[in-house]
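The structure appears right after this line, and notes come after that.
None of these values were measured; they are calculated from a predicted model.
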Amino acid sequence: VGLMYRQGYHQQYLNNDGWQQEMYVDNEFDRLPLTRACNQQKQPVKIQLPVPSGILHACVWQMDIGRVPLFLLDTNIPENPPELRTVTASLYGGDRTVRILQELLLGIGGYNALLEIGFDPAVCHMNEGHASFVGLARIAHLCGTSKLDTKTAFEIMERTSVFTTHTPVAAGNETFPIDLLRPHLEKLRDTLKIEPDQVLSWGQSAYGGQQHELSMTVLGMKMSQSINAVSRIHGQVARKMWAHLWPEKPENEVPIQHITNGIHVASWLSPDMTMLFDRYLGPDWHDDPSNEHVLAAIQEIPDEELWRARELARARLMRRAREHAEKQCLARNASKSELSQARSILEQKTLTIGFARRFASYKRAALILRDRRRLEALI
């Protein structure tokens, strides 16, 4: 479950002075594999969410790309006033108020959309704190359908919730000022049957942190019996970082496990590396790429052939970068000399470290400077 961003993430380009600029382009929905999600009566699903300015409406799109359907909520519909239609306009866009609306819509609206479609989720997984409000919707649903009290519903919800934390820096663990969030929680009081102060207590640590803020990460962790980091070393860092939430436990017993992030091998490898693997590992290696026999066979690939495949992939990347640079120069009517330079940017034998898209602090670019000997060895 996610949000259907009308513009997605902005496109980047450089102006005549070399400064990065952003351009927002609307997605063409009719060119995407989208259909309107329907309920069991074959009627398009729409959900409503009380907000301080009125009612936030959203339709639900269904995207089928693999074996798992993706449901995306969209507020750009006639039922909403202009200021609410833009809630799902762009990724990482808008101010803090828009961000709160996005996360309330994702968590509470997303869960209610699943119920409307006909699902009855047994377990919910929160990928970082953005969807932590889903726990509130689940409590309200359990109280309404099973006539449970809030405490009992919380215990059931907690035991069937999973939370994944990704980053140990502040920028990746979102917080909202209580003064900004409270009006939204008060507006939802009748819908959720949960007092705002109760929600705020779930999103704060009694042993650390800012008491004038609600942490979406803390809220998600307190609402989940199963919590995981995304690598072994990240698990160690996360247990140390969040130990104050479990003050009665020693650090090594803080209930944060780890599940190492994986990749989709077929789309991760370059064509050159894929052909090399086919030649030395056999055509069936795709079926079980982590098999120990496959991994052992990789060691038998000659170094020079492995490096040649790497060089071919790098040459293709350089060509792609040059084409993009030339296209951007043409778009701003650059001179012939600039066009000529664009066609020859980057050097095949020069180590070039670049950053794609957002140069955000939680991506931790400065880590490469932390171990000078290691850096010198790499260079």
Checklist line | Worked check of side chain to side chain contact (heavy atoms under 4.5 Å, CB included) between R36 and W61 | finding: CA-CA 5 Å; R36 285 292 299 274; W61 296 94; 3.9 Å; yes
Note to self: Between R322 and I345 (side chain of the first, backbone of the second, donor and acceptor by atom type, cut-off under 3.5 Å), is there such a pair?
What the structure shows: yes
Checklist line | Minimal non-hydrogen separation, G110 against V1, with atom names | finding: CA-CG1, 3.7 Å
Next item on the list: Salt-bridge test for E158 and R138: reply yes if a basic N is under 4.0 Å from a carboxylate O, no otherwise.
Entry: no
Next item on the list: Return yes if some donor-acceptor pair links the side-chain N/O of T86 with the main-chain N/O of A89 below 3.5 Å, else return no.
Entry: no
Next item on the list: Spell out, as yes or no, whether a donor-acceptor pair under 3.5 Å connects the side chain of N80 to the backbone of H57.
Entry: yes
Notebook entry, point to check: When rounded to the nearest 0.5 angstrom, what distance separates NZ in K222 from CZ in F154?
Noted result: 8.5 Å
Check: Just by modelled atom types, is the C143 backbone N or O under 3.5 Å from a matching donor or acceptor in the S146 side chain?
Finding: no
Margin query: Is it true that, when you exclude E253 itself, more than 12 heavy atoms of the residues, nucleotides or ligands shown sit nearer than 6.0 Å to its CD?
Written below: yes
Note to self: Does R373 form a salt bridge (Lys or Arg N to Asp or Glu O under 4.0 Å) with E376? I'd like the steps, not just the answer.
What the structure shows: CA-CA 5 Å; R373 290 184 180 179; E376 289 175 345; over 6 Å; no
Notebook entry, point to check: Is there a path of hydrophobic side-chain contacts, each under 4.5 Å between heavy atoms of I, L, V, M, F, W or Y residues, that connects V51 with L200?
Noted result: yes
Margin query: Hydrophobic clustering (ILVMFWY, side-chain heavy atoms < 4.5 Å, transitive) - are L114 and L72 grouped together?
Written below: no
Notebook entry, point to check: So which heavy atom on T191 is nearest to which on P50, and how close?
Noted result: OG1-CG, 3.4 Å
Check: Does R6 make a cation-pi contact with F29 (under 6.0 Å, within 45 degrees of the axis)?
Finding: yes
Margin query: Taking K151 first and then E155, would you say they form a salt bridge - that is, a charged N and a carboxylate O separated by under 4.0 Å?
Written below: no
Item checked: Same apolar cluster: I139 and F119, side chain cutoff 4.5 Å -> yes
Next item on the list: Starting from the C-alpha separation in whole Å, work towards a yes-or-no answer on salt bridge (Lys or Arg N to Asp or Glu O under 4.0 Å) for E251 and K240.
Entry: CA-CA 6 Å; E251 186 179 301; K240 181 177 182 180; 5.9 Å; no
Next item on the list: Step through the shown structure and confirm whether more than 12 heavy atoms of other residues, nucleotides or ligands are within 6.0 Å of CD1 on I233.
Entry: no
Notebook entry, point to check: Would you find more than 12 non-hydrogen atoms of other residues, nucleotides or ligands less than 6.0 Å from R96 atom CZ?
Noted result: yes
Note to self: Looking at R310, I'd like to know if its CZ atom is crowded, meaning that more than 12 non-hydrogen atoms belonging to other residues, nucleotides or ligands lie closer than 6.0 Å.
What the structure shows: no
Check: Is a side-chain donor or acceptor of Q225 paired with a backbone partner of T160 at a separation under 3.5 angstrom?
Finding: no
Let me have the donor-acceptor pairs involving side chains of residues 300-308, under 3.5 Å, with sequence neighbours excluded, atom names and distances please.
| unit_1 | atom_1 | unit_2 | atom_2 | d |
| --- | --- | --- | --- | --- |
| E305 | OE1 | R279 | NH1 | 2.7 |
| E305 | OE1 | Y280 | OH | 3.3 |
| E305 | OE2 | Y280 | OH | 2.5 |

Margin query: Do T164 and H125 pair up side chain to side chain, a donor and an acceptor below 3.5 Å, judged on atom types alone?
Written below: yes
Check: Between atom CG of L281 and atom OG1 of T274, what is the distance when rounded to the nearest 0.5 Å?
Finding: 10.5 Å
Notebook entry, point to check: So, Q198 and S201: side-chain donor and acceptor under 3.5 Å apart, yes or no?
Noted result: yes
Checklist line | Closest heavy-atom pair and its distance - V162, N228 | finding: CG1-OD1, 4.2 Å
Note to self: Closer than 4.0 angstrom, basic N to acidic O: yes or no for D197 and R182?
What the structure shows: yes
Notebook entry, point to check: Under 3.5 Å, is there a donor-acceptor pair linking the side chains of D278 and H286?
Noted result: yes
Margin query: Check whether N173 reaches the backbone of T167 with its side chain - one donor and one acceptor, N or O, closer than 3.5 Å.
Written below: yes
Next item on the list: List, by chain and number, the other hydrophobic cluster members for L367, where Ile, Leu, Val, Met, Phe, Trp and Tyr join if side-chain heavy atoms come within less than 4.5 Å, directly or indirectly.
Entry: none
Check: Ignoring hydrogens and geometry, is there a side-chain-to-backbone donor-acceptor pair from N291 to H293 under 3.5 Å?
Finding: yes
Next item on the list: Grab the two heavy atoms, one from T150 and one from W202, that are nearest each other, plus how far apart they are.
Entry: CG2-CH2, 4.3 Å
Margin query: Testing the basics here: between R239 and V254, what is the closest heavy-atom pair and its distance to 0.1 Å?
Written below: CD-O, 3.4 Å
Item checked: Any donor-acceptor N/O pair, T75 side chain to R85 backbone, under 3.5 Å -> yes
Note to self: Quick check on side-chain contact (heavy atoms from CB on, under 4.5 Å): which of V218, I256, T217 does L245 satisfy it with?
What the structure shows: V218
Notebook entry, point to check: Taking the side chain from S231 and the backbone from H234, do they hold a donor-acceptor pair closer than 3.5 Å?
Noted result: yes
Next item on the list: Consider only side-chain heavy atoms of I, L, V, M, F, W and Y, link residues closer than 4.5 Å, and tell whether I117 and L73 are in one cluster.
Entry: yes
Next item on the list: Examine the side chains of S337 and S335 and answer whether a donor and an acceptor come within less than 3.5 Å of each other.
Entry: yes
Notebook entry, point to check: Should F71 and I108 be counted in the same cluster of Ile, Leu, Val, Met, Phe, Trp and Tyr side chains packed under 4.5 Å apart?
Noted result: yes
Next item on the list: Please report the shortest heavy-atom distance between G107 and A137, naming the atom on each side.
Entry: O-CB, 4.4 Å
Next item on the list: Taking Q328 for its side chain and Q12 for its backbone only, find out whether a donor-acceptor pair lies under 3.5 Å.
Entry: yes
Check: Judged by modelled atom types alone, do N127 and H166 share a side-chain donor-acceptor pair under 3.5 Å?
Finding: yes
